[in-house]
Each structure stands twice: as C-alpha cells, then as structure tokens.
**Student:** 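For reference, the structure I am asking about is given below.
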Amino acid sequence: MYKVGITGGIGSGKTTACKVFEVLGIPVFYADTVAKEIMCTDVLLMEGIKSTFGKESYFEDGKLNNKHIAGIVFNNDEKLAKLNALVHPAVFRAFDAWEATIPSTVPYTLKEAAILFESGSYKLCDTTILIIAPYEVKLKRLMQRDGVTEEQVMARMDKQLSDEEKTKMADHFIVNDEQQSIIEQVLALHREFLKSAKKSNSTNA
Ligand code: ATP
C-alpha cells in the first residue's frame with residue numbers, strides 16, 4: 001500500500017495535520033505513541049532493553065522505569081543510539097502488523113513520526129511531508145500546551161534535525177503558521193496522494 005511519512009519539529013502541528021487526514025478517511029500510524037506502548041508490550045524489545053540497560057529498566061508490574069532510562073540516555077548519544085537501535089526495528093514491526101489490518105479499499109496510509117528522517121524510516125515511505133512553522137509560533141504553542149519554558153523547548157528542539165536540513169529531504173510541505181489554511185493544504189496533498197497511490201497500486205497489482 002502507498003505510504004506517506006509525515007514529520008515536523010516539535011509543536012509544528014503534526015498531530016493537528018494528521019487529524020485532518022483522518023477526517024478524510026486516511027488511517028494514521030502514530031509512531032511516537034506506538035514506540036512508547038511497545039516498550040511495555042513487545043517481548044523482544046523488552047528483553048533487549050533489560051539486557052542493555054539493566055533489569056531495573058522495568059518495575060515489577062511491567063511498567064517502564066522512564067527515569068532510569070532517561071538518566072542513562074540523556075546527554076549520552078552513544079546510549080541513545082543503542083536505545084534507538086532497539087526501538088526502531090520494533091516500531092517497524094508494529095507498523096507492518098498495523099498495515100496488514102488496513103482494508104485494501106484504503107488508498108494510502110500515513111506514518112507520523114517526529115524523527116522520520118533521523119530514524120531512517122522515511123526510506124520505507126513512498127513520499128514524505130514536512131510541517132513547517134516559525135520558531136515563535138512553535139514556542140507559543142508548546143509553552144501553552146505543555147506549560148514549559150523557552151529553555152526547555154530549545155533543549156527539545158536541539159535533539160532534532162533543523163527544519164533547514166529536513167527541508168532538503170522532504171517531498172511535500174505544509175506551512176502551519178496560522179496564516180495559511182492547514183485544511184486547504186491537506187486537501188491539496190490528499191488529492192495528489194490519491195492520484196499517486198492509484199498509479200502505484202495499479203503498477204504493484
Ligand atoms: P509534538 O511534536 O510536541 O507532538 P506536534 O507537531 O504534533 O507536536 P500539535 O500537537 O499538532 O504539534 O500542535 C501543537 C499545539 O499547537 C497543539 O496544542 C495544537 O492544538 C496547536 N496548534 C497546532 N496547529 C495549530 C493551528 N494551525 N492553529 C492553532 N493551534 C494550533
């Protein structure tokens with residue numbers, strides 16, 4: 001099935017844009033949400049985390065000890081890369097299982113991931129969308145939504161590729177600056193994806 005990857009910096013409006021696609025009947029795989037879930041359900045992943053970061057990575061009730069993991073990977077790129085090397089393949093497995101449940105009448109699916117480009121998962125998509133919003137707009141949204149300071153927002157942004165770098169890698173763009181209509185931009189892309197998916201699905205049939 002035709003796959004569209006969608007990404008953007010924190011607070012750019014990924015979830016908001018995905019909700020519009022969902023209204024149009026397009027199923028969305030929320031990779032970041034799934035990644036958190038499978039850390040407590042995917043046995044292979046849990047074993048990997050325990051053997052890499054210690055048994056104390058999980059509480060006795062099976063819940064993830066976020067504090068323990070964050071304490072190890074925060075400010076340690078090598079350990080973070082090890083965690084990602086465990087989590088990313090598990091997310092790919094979860095995506096494949098999810099996609100297998102999608103009826104063939106659905107024209108295309110969307111994969112939402114904050115680190116679509118950083119994780120390499122964009123390579124498994126037929127095309128990609130980058131959501132762009134000015135720094136001040138993202139800052140205002142995140143301070144309002146999460147009750148965080150500008151320093152905390154900047155620390156989170158520092159962990160991701162810049163919009164400039166991601167722009168070079170993306171195929172399509174949505175500008176979510178609260179001036180241009182996000183609904184109209186999603187509709188235009190939806191029409192385009194319907195055409196591309198039809199072409200691709202008939203070639204692969
Ligand atoms: P994160 O990376 O943190 O998950 P995100 O990229 O998914 O964020 P959203 O959660 O969609 O971003 O948007 C961040 C906040 O900004 C939300 O509270 C959302 O309601 C608000 N927001 C997004 N786009 C708009 C818009 N066009 N107009 C008004 N508010 C918006």
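Atom set for the values below is all heavy atoms of this structure, side chains included, hydrogens, waters and symmetry mates excluded. Read the numbers this way: they start at 1 and go in the same order the structure lists the ligands and their atoms. No experiment lies behind these values; they were computed from the predicted model shown.
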**Student:** Counting non-hydrogen protein atoms only, what is the nearest one to atom 14 (C) of ligand 1? Give residue, atom name and distance.
**Tutor:** Arg145 NH1, 3.8 Å
**Student:** Starting from atom 2 (O) of ligand 1, find the nearest protein heavy-atom neighbour and note its residue, name and distance.
**Tutor:** Lys14 NZ, 2.7 Å
**Student:** To the closest 0.5 Å, what do you measure between OH (Tyr135) and OG (Ser12)?
**Tutor:** 14.5 Å
**Student:** Nearest protein heavy-atom contact for atom 23 (C) of ligand 1: which residue, which atom, what distance?
**Tutor:** Thr16 OG1, 3.4 Å
**Student:** Got the closest protein heavy atom to atom 27 (N) of ligand 1, with its distance?
**Tutor:** Asn176 OD1, 2.7 Å
**Student:** Whether the side chain of Glu118 engages the backbone of Gln160 through a donor-acceptor N/O pair (distance < 3.5 Å, no angle test) should be reported.
**Tutor:** no
**Student:** Hey, could you give me the OH/CD distance between Tyr30 and Glu112, rounded to the nearest 0.5 Å?
**Tutor:** 6.5 Å
**Student:** Answer with yes or no whether Gly9 contacts ligand 1, where contact means a heavy atom under 4.0 Å from a ligand atom.
**Tutor:** yes
**Student:** Give a yes/no on ligand 1: does Ser12 have at least one heavy atom closer than 4.0 angstrom to it?
**Tutor:** yes
**Student:** I'd like to know whether ligand 1 has Gly11 as a neighbour, heavy-atom separation below 4.0 Å.
**Tutor:** yes
**Student:** Among Arg141, Lys138, Gln144, which one puts a heavy atom closest to atom 22 (N) of ligand 1?
**Tutor:** Arg141
**Student:** Among all protein heavy atoms in this structure, tell me which lies nearest to atom 7 (O) of ligand 1, with the distance rounded to 0.1 Å.
**Tutor:** Thr15 OG1, 2.7 Å
**Student:** Of all the non-hydrogen atoms in the protein, which one sits nearest to atom 30 (N) of ligand 1, and at what distance?
**Tutor:** Glu178 OE2, 4.0 Å
**Student:** Can you name the atoms of ligand 1, numbered from 1 with element, that are less than 4.0 Å from a heavy atom of Gly13?
**Tutor:** 5 (P), 6 (O), 9 (P), 11 (O), 12 (O), 13 (O)
**Student:** If the threshold is 4.0 Å, N to carboxylate O, is there a salt bridge linking Glu178 and Arg141?
**Tutor:** yes
**Student:** Listing request: all side-chain hydrogen bond (donor to acceptor under 3.5 Å, both in side chains) pairs with a residue in residues 88-109, at least two apart in sequence or in separate chains.
**Tutor:** Lys3-Glu99, Asp42-Arg93, Tyr108-His190
**Student:** Cation-pi check for Phe53 against Lys79: NZ or CZ below 6.0 Å from the six-membered ring centre and within 45 degrees of the axis, yes or no?
**Tutor:** no
**Student:** Would you confirm whether Glu47, through its side chain, and Leu44, through its main-chain N or O, come within 3.5 Å as a donor-acceptor pair?
**Tutor:** no
**Student:** If you draw a 6.0 Å radius around CD in Glu78, do more than 12 non-hydrogen atoms from other residues or ligands fall strictly inside?
**Tutor:** no
